[in-house]
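Chain letters run A, B, ... following the sequence lines, proteins first, then strands; residues in each count from 1.
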Amino acid sequence: MVSSQNIGNNSASLFFIFIRYFFMLDPHLFRNELDFVTVQLKKRHFAFNPENYSELEARRKLVQTKTQELQNARNSSSKTIGQAKAKGEDVQGLLDQVAHLGEELKTAETELIVIQSELDALMAGIPNLLDLSVPEGKDENENVEVSRWGSAPQFDFDVKDHVDLGTARHLLDFELGAKITGSRFVVLNGQLARLQRALIQFMLDTHSSENGYQETYVPYLVNTDSLRGTGQLPKFEADLFKASENPALYLIPTAEVPVTNIVRDVILDEKILPLKFVCHSPCFRSEAGAYGRDVRGMIRQHQFEKVEIVQITKPDDSAKAHEELTLHAEMILQKLKLPYRKMLLCAGDTGFSSSKTYDLEVWLPGQNAYREISSCSNFRDFQARRLQARWRNPQTGKPELVHTLNGSGLAAGRTLIAVMENYQDAQGRIHIPEVLLPYMGGLTIIE
RNA sequence: GGAGAGUUGGUCGAGUGGUCGAAGGCGCACGCCUGGAAAGUGUGUAUACGGCAACGUAUCGAGGGUUCGAAUCCCUCACUCUCCGCCA
C-alpha cells in the first residue's frame with residue numbers, strides 16, 4: 001500500500017497512472033449514466049452498489065478540488081518568490097507565508113491517493129457492458145445456437161476418440177508428457193505432429209492470403225503492462241504461468257496479449273484502420289479453476305498451439321468486424337469439412353472483458369458432442385482504454401479509443417482432435433483432409 | 001557479462017533551479033500572395049483530469065528524494081545506441 005512517506009510532489013501523477021491502468025469502463029459513464037450502468041451490470045448478474053460508488057466519487061471530487069487549490073497556491077507563491085528574487089528583494093517574508101503549505105498539500109495528496117485506490121479497486125472488478133443483442137442467461141446452458149454447419153459423419157463401426165486413435169499407433173503419448181513435465185502435457189509423434197503443423201500452416205496461409213490479415217511473430221513472454229492492457233491482470237493471475245520474478249514476465253495464455261499490445265500507447269492514423277493480424281503461438285494456461293474437467297485426452301492442456309486473429313477497428317466498424325472475424329474462423333472449419341455450430345454466449349457466460357462473444361463448437365464423434373474450438377469476441381473500447389490504444393478521429397481532430405476484437409482461428413490442438421475423430425476409418429487410421437494434402441508431402445492417410 | 005553515450009511534443013532538436021508545457025527547424029491545418037501551383041509569408045498546431053465557462057491541475061523514459069519552486073540537482077530502475085566478450 002502507499003505510505004505517506006513516499007508521497008512527494010509527483011504523487012498526483014500516480015493518480016493518473018491509476019486511471020490509466022485500472023479504469024476499464026468509461027468513468028464518464030459512471031458519473032453521468034449511473035442508472036444505466038447499474039441496470040446493464042445486473043444483466044450480467046454482477047452485484048454493483050451504486051450508492052457505494054457515488055459516495056466514493058463525491059469524496060474524490062471534494063479532495064481532488066482541495067488538492068488542486070493547494071497546488072495552485074503553491075505554484076503561484078513560488079512564482080512570486082522567483083520574481084522577487086530576480087529583483088533582488090528580500091524573500092524571507094514570502095517564504096514564511098508558504099511554510100505551512102507543504103504539509104497541508106501532502107496531507108491532501110495522500111488522502112486523494114487513498115480514495116483513488118479504493119475507487120480503482122472497485123472499478124477494476126467491473127466487467128464490460130454487454131451488447132444489447134446478448135441474450136439473458138446465467139451459464140453455458142442458456143447460450144443460443146445461431147447456426148449449424150455440416151452434419152455429423154455416420155460411421156458403420158465403433159468410433160474411437162482421439163486418445164484411443166492416437167495412443168494405439170503411438171502418435172499421442174500422455175505418459176511421456178507427464179514424465180517430461182507433468183499432468184496435462186502431451187507429446188505428439190511423427191505424422192500426427194506433422195498434421196498439427198500442417199493445420200497451423202493452413203490456417204496462417206488462409207488468413208493471410210485470403211482474409212487480409214498480416215502475419216506476425218511475437219514474444220511468448222510478456223510483461224505486466226501488456227497483461228494489464230488486455231485484462232488478464234490484475235484479476236486473473238492464477239490462470240497464468242509466471243516465468244520470471246524480476247522483471248515479472250509471464251508465458252502468454254494466448255497470442256491475443258502480445259498482438260493486441262502492438263497498439264498500446266499508440267495513436268493510429270484513420271487510414272490504416274482496420275488493422276488485422278494473424279499470429280500462431282503456443283499458449284500456456286495453468287487452468288487453475290479447471291481441475292477435474294476434461295482430464296482425459298488433449299482437450300484441456302497446459303500448453304497448446306493456436307492461431308489467433310485480431311482486429312483493431314474504428315468504433316463504428318466493430319460490430320460488422322465481429323461478424324466478419326467470426327466468419328473467418330468458420331471458414332477454416334468449412335474448408336476442413338468439420339461440422340460445427342455457432343453459439344451466441346448468454347450474459348452469464350460472456351467473458352469479463354467481452355461485450356459480445358460467439359463460440360464455435362466443433363463436432364467430436366469420440367465425445368458425441370460439440371466442443372468449443374474458437375471464441376470470437378468484441379471488446380469494444382474495454383481493452384483499448386487500458387491499452388490507451390487510440391485513433392485520431394478526423395471529425396473531431398481528437399484521439400479517441402479504438403475497438404479491439406479477436407478470435408481463435410482456430411485452436412490447433414483441438415482442431416487436430418477434431419480431424420482425428422472425424423476422419424477416422426474402421427482400421428483406426430486417420431485420413432488427411434483435402435485442404436491439408438499440400439502440407440503433408442504426399443501423405444493421404446496416417447496409418 | 002564488461003565499458004561508454006543517450007531517452008524532451010507528430011518528428012528532429014535547444015534547454016539556464018524561478019512567468020518552461022517547454023526555443024528553433026520539419027511536418028500538418030487554415031489564411032495571405034498567385035490565373036493555378038511551387039516558393040515566400042502570417043496564424044495555429046500534445047494529452048489527461050476537474051469546471052457551464054473563464055480557468056485550474058498534472059505530465060520532459062519510470063519511480064523516489066532535495067527545494068518555497070525541478071525538464072534542469074541527487075538516488076534507484078527500465079529501455080535504446082556504440083565498443084568488447086559470449087552465443088543459435
Give a yes/no answer on whether the side chain of [X] brings an N or O atom under 4.0 Å of OP1 or OP2 in [N].
X	N	answer
A/Asn72	B/rU57	yes
A/Asn75	B/rU57	yes
A/Arg74	B/rA58	yes
A/Arg390	B/rA48	yes
A/Lys398	B/rA46	no

Reading RNA chain B 5' to 3', what string of ( ), [ ], | and . shows its pairs, if Watson-Crick and G-U wobble pairs count only when both distances fall under 3.5 Å? ((((((((.[[[..)..(.....]]]((((((.......))))))(((((....))))).[[[[[..)....]]]]])))))))....
Is any side-chain heavy atom of A/Thr254 less than 4.5 Å from a side-chain heavy atom of A/Arg285?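 Touching, per the 4.5 Å side-chain cut-off.
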Indicate, with a heavy-atom threshold strictly under 4.0 Å, whether A/Pro247 touches base, sugar-phosphate, or nothing.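 The residue A/Pro247 makes no contact with any strand.
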What nitrogen or oxygen pairs link the protein and nucleotides 15-18 of chain B at under 3.5 Å?
unit_1: B/rG18; atom_1: O6; unit_2: A/Lys85; atom_2: NZ; d: 2.9
unit_1: B/rG18; atom_1: N2; unit_2: A/Ser78; atom_2: O; d: 2.8

Assuming nearest nucleotide by heavy-atom distance, tell me which of A/Arg392 and A/Leu95 is located more 5' along RNA chain B. A/Arg392
List in chain and number order the residues that pass salt bridge (Lys or Arg N to Asp or Glu O under 4.0 Å) with A/Glu103, two or more places apart in sequence or in another chain; answer none if no residue qualifies.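 Per chain and number, A/Glu103 pairs via salt bridge (Lys or Arg N to Asp or Glu O under 4.0 Å) with no residue.
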Indicate every side-chain donor-acceptor pair of residues 346-355 of chain A with a distance under 3.5 Å to a residue at least two apart or in another chain.
unit_1: A/Asp349; atom_1: OD2; unit_2: A/Asn143; atom_2: ND2; d: 3.0
unit_1: A/Thr350; atom_1: OG1; unit_2: A/Cys346; atom_2: O; d: 2.8
unit_1: A/Ser354; atom_1: OG; unit_2: A/Lys356; atom_2: N; d: 3.1
unit_1: A/Ser354; atom_1: OG; unit_2: A/Lys356; atom_2: O; d: 3.1
unit_1: A/Ser354; atom_1: OG; unit_2: A/Thr357; atom_2: OG1; d: 2.7
unit_1: A/Ser355; atom_1: OG; unit_2: A/Asn378; atom_2: O; d: 3.1

Does any pair with a residue in residues 272-283 of chain A pass side chain to side chain donor-acceptor pair (under 3.5 Å), and if so which ones, sequence neighbours excluded?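 For residues 272-283 of chain A: A/Lys276-A/Glu324, A/His280-A/Glu305.
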Could you tell me the separation between the CG atom of A/Asp269 and the C1' atom of B/rG27, rounded to a whole number of Å? 13 Å
Atom-to-atom span, CG of A/Leu105 to C1' of B/rG56 - whole angstrom: 14 Å
Show every donor-acceptor pair shorter than 3.5 Å between a side-chain atom in residues 438-447 of chain A and any protein atom, with sequence neighbours excluded, or say none if there are none.
unit_1: A/Tyr439; atom_1: OH; unit_2: A/Asp205; atom_2: OD2; d: 2.6

Mind checking whether A/Phe48 and A/Phe30 have parallel, tilted or perpendicular rings, split at 30° and 60°? perpendicular
